[in-house]
Structures are given as structure tokens and as C-alpha cells.
Amino acid sequence: MSPLPPEGTERWQVTLPSGPVEVSVAAQRPSAAWATLVLAHGAGAGLDHPFLVGFTDALLQSGIATLRFNFPYREAGRRMPGPPAHAIATWRAVLDHVRGEAPAGEPVWAAGKSYGGRMASMAEAERPLGIAGLVYLGYPLHPPGDPERERAAHLPRIAVPQLFVEGTHDPFVMPHEGLERAVAACHDARIAWIEGGGHSFEVKGQKRPAHEVGAGLAPLVTEFLRARVL
């Protein structure tokens, strides 16, 4: 049985290769929004994770509308991600819906924590999503301890701006040279390093709630988006 969606969410239909399913979405819009950011969760969390909620709450204060959504595997109560094709289909369906509702001329950005961001990049590299750009919160370049297995071959095919927000102690991007090399090969991309941050941007010796950690990343993301608003 599928779990109940978090309070305040809606259900949107997504058509997967295996058939239609419904996923939960949670949207917020300030009174004078100048951009929309659509955010996907990481492999082990859902749309209601405090890190994601804190991040989007802070963006809201900067005038950015947000929408968080679940991937189908999470909606079904499973812990392990489904096939990449399912995540890509979900990204396309959600963004099609968001673009259809966004005011004319308002840029729509795609963002994701770890797995969610990587799936967005794969979708964009496969076929443009009609977005203004991509924001990765902890891009998982390779499995921890295995830097030879990079997941970056598709990134140079992405033409829209890309922001990689990465912790300097994140085992998914160590050594840093691999990510720096991958980003240098992209059309328009940069890295924002969070000193001492791990994969979830936790800093050793600093005990901060996940909501606060997520909120702390919002200013640099806001600055990146503002610099690219025409």
C-alpha cells in the first residue's frame, strides 16, 4: 500500500513506461515571484525531508516559487530508486505541468539533492527540459571511495547553466579534481564549495538541524539564479 502524502501536498499523474502512477508534490509561491525552482529529493529521502523544506522555505523569502515532488519509488514506499527511465519520465511530467502553470516569462529551474539532481541532468542531456538551468545540491559524481566510476560523461551535453553546490568533505566528489575537470568541460557551469561540508552539508563539530542546513544554502542559489534572470 502506498503511504499517505505529507499534509498540504497534491497528487499529480506521471506516465511511466510501465503505466500511469501518481506522485506527491508540494508547491509554495510568494506574492511576487520572479522564478520557480522545482526540487527533487535524494535517493534515501522524500519531498518532506527537513533539509529540502528548509531550503525551499528560505527561497520563498527571496521571492522564488518552489515545488518539491516524490519519485514513484518513494511514493510506493520503496527505499531503493527505480529505473532511471522512471525518474526521467517523472522529471519531464512534473516540469511540463509546472511550465504550463507558471506566468509567462517566468524562468523555471530544476534542482535536486544528490540522486534527484543527477536524474535531472540525465533528463536534460537526453532531451532539453525547457528549463532555465540546473542546480545540484551535492552532485554524486562517483560512489564513495571509487573515483574511477564517474557519472559525468553526459554533463558537457547540457547547454543551460549549471550550479554545483558541493561540500569539501563530500566523499562523492573526493578528490575534488574529478568534479573540477567535469565542470570545466561543461558549457556554463560553476562549483560553489561549502567548506567542511559532507554529502548532506553537515560540518563536523557543528550540530545544526537539517532544516537550518538547507536554509543556509538558499542565498548562494538565489544569487546564481538572479545573475541569470534576463
Side-chain angles (χ1 to χ4, degrees), residues 14 16-17 37-47 49 51-52 55 68-74 78-95 109-194 197-202 214 217 220-221 224:
V14 174
L16 303 179
L37 184 139
V38 181
L39 180 65
H41 58 79
L47 65 81
H49 190 281
F51 174 91
L52 303 182
F55 178 65
R68 309 186 311 275
F69 69 92
N70 275 343
F71 287 114
Y73 78 91
R74 186 74 186 184
R78 296 191 298 271
R79 298 181 65 181
M80 296 300 293
H86 289 191
I88 290 172
T90 304
W91 261 117
R92 293 198 182 282
V94 170
L95 286 170
W109 290 73
K113 175 70 179 77
S114 191
Y115 167 83
R118 185 166 74 92
M119 292 298 103
S121 73
M122 291 173 62
E124 176 67 18
E126 178 184 274
R127 178 164 49 87
L129 295 165
I131 54 176
L134 287 153
V135 175
Y136 311 108
L137 304 178
Y139 187 87
L141 182 67
H142 55 73
D146 194 0
E148 299 301 317
R149 292 175 58 193
E150 286 191 356
R151 304 152 172 160
H154 64 290
L155 294 176
R157 299 201 301 271
I158 296 174
V160 296
Q162 301 176 80
L163 173 64
F164 294 77
V165 184
E166 305 290 342
T168 58
H169 290 180
D170 184 351
F172 286 81
V173 292
M174 295 179 70
H176 298 163
E177 289 78 9
L179 182 64
E180 290 169 348
R181 182 175 58 253
V183 169
C186 293
H187 172 70
D188 178 5
R190 64 176 290 258
I191 308 171
W193 290 108
I194 306 301
H199 190 54
S200 294
F201 302 97
E202 72 286 359
L217 302 181
L220 64 89
V221 173
F224 185 80

Separation of I131 CD1 from E124 CD (nearest 0.5 Å): 4.5 Å
Residues W91, V38; criterion side-chain contact (heavy atoms from CB on, under 4.5 Å); working and verdict: CA-CA 9 Å; W91 261 117; V38 181; 3.8 Å; yes
Closest approach of I88 to E126 (non-hydrogen atoms, all atoms of both residues): CG2-OE2, 3.8 Å
Beyond-backbone contact of F164 with L155, side-chain heavy atoms, under 4.5 angstrom: yes
Distance (rounded to the nearest 0.5 Å) between R74 CZ and M80 CE: 12.0 Å
For the student: nearest non-hydrogen atoms of L141 and A152, plus distance: CD1-CB, 3.7 Å
Which atom of P17 lies closest to which atom of A85, heavy atoms considered: CG-CB, 4.5 Å
Flag, side chain of H142 to backbone of E148, donor-acceptor distance under 3.5 Å: no
Verdict with reasoning, L163 to W109, per side-chain contact (heavy atoms from CB on, under 4.5 Å): CA-CA 11 Å; L163 173 64; W109 290 73; over 6 Å; no
Trace of the side-chain contact (heavy atoms from CB on, under 4.5 Å) decision for Y73 with T90: CA-CA 11 Å; Y73 78 91; T90 304; over 6 Å; no
Heavy-atom closest pair, residues G167 and W193: O-CZ3, 3.8 Å
Student check: side-chain heavy atoms of F224 and V165 closer than 4.5 Å: no
Closest contact, heavy atoms only, H154 versus A125: O-CB, 3.6 Å
Side-chain heavy atoms of I191 within contact of Y139, under 4.5 Å: no
For Q162, all residues meeting side-chain hydrogen bond (donor to acceptor under 3.5 Å, both in side chains), sequence neighbours excluded: Y136
Distance, nearest 0.5 Å, that separates CZ of F71 from CG of L16: 11.5 Å
Nearest atoms (heavy-atom pairs only) where P81 meets A43: CG-CB, 3.9 Å
Exam field: side chain N70 to backbone G46, donor-acceptor pair closer than 3.5 Å: no
Note, F172 side chain near P144 side chain (heavy atom, < 4.5 Å): yes
Spatial distance of atom NE2 (H199) from atom CG (L137) [nearest 0.5 Å]: 10.0 Å
Non-hydrogen side-chain atoms of P147 and M174 separated by less than 4.5 Å: no
Donor-acceptor pair, side chain of R118 and main chain of R151, under 3.5 angstrom: no
Reported CZ-to-NZ distance for the pair F55 and K113, which is rounded to 0.5 angstrom: 11.5 Å
Ring geometry between F51 and F201 (parallel below 30°, tilted from 30 to 60°, perpendicular above 60°): parallel
Distance (rounded to the nearest 0.5 Å) between S121 OG and L134 CG: 7.0 Å
Side chain proximity check, L129 to V160, heavy atoms < 4.5 angstrom: no
Polar side-chain atom of H41 near backbone of R68 as donor-acceptor pair, under 3.5 Å: no
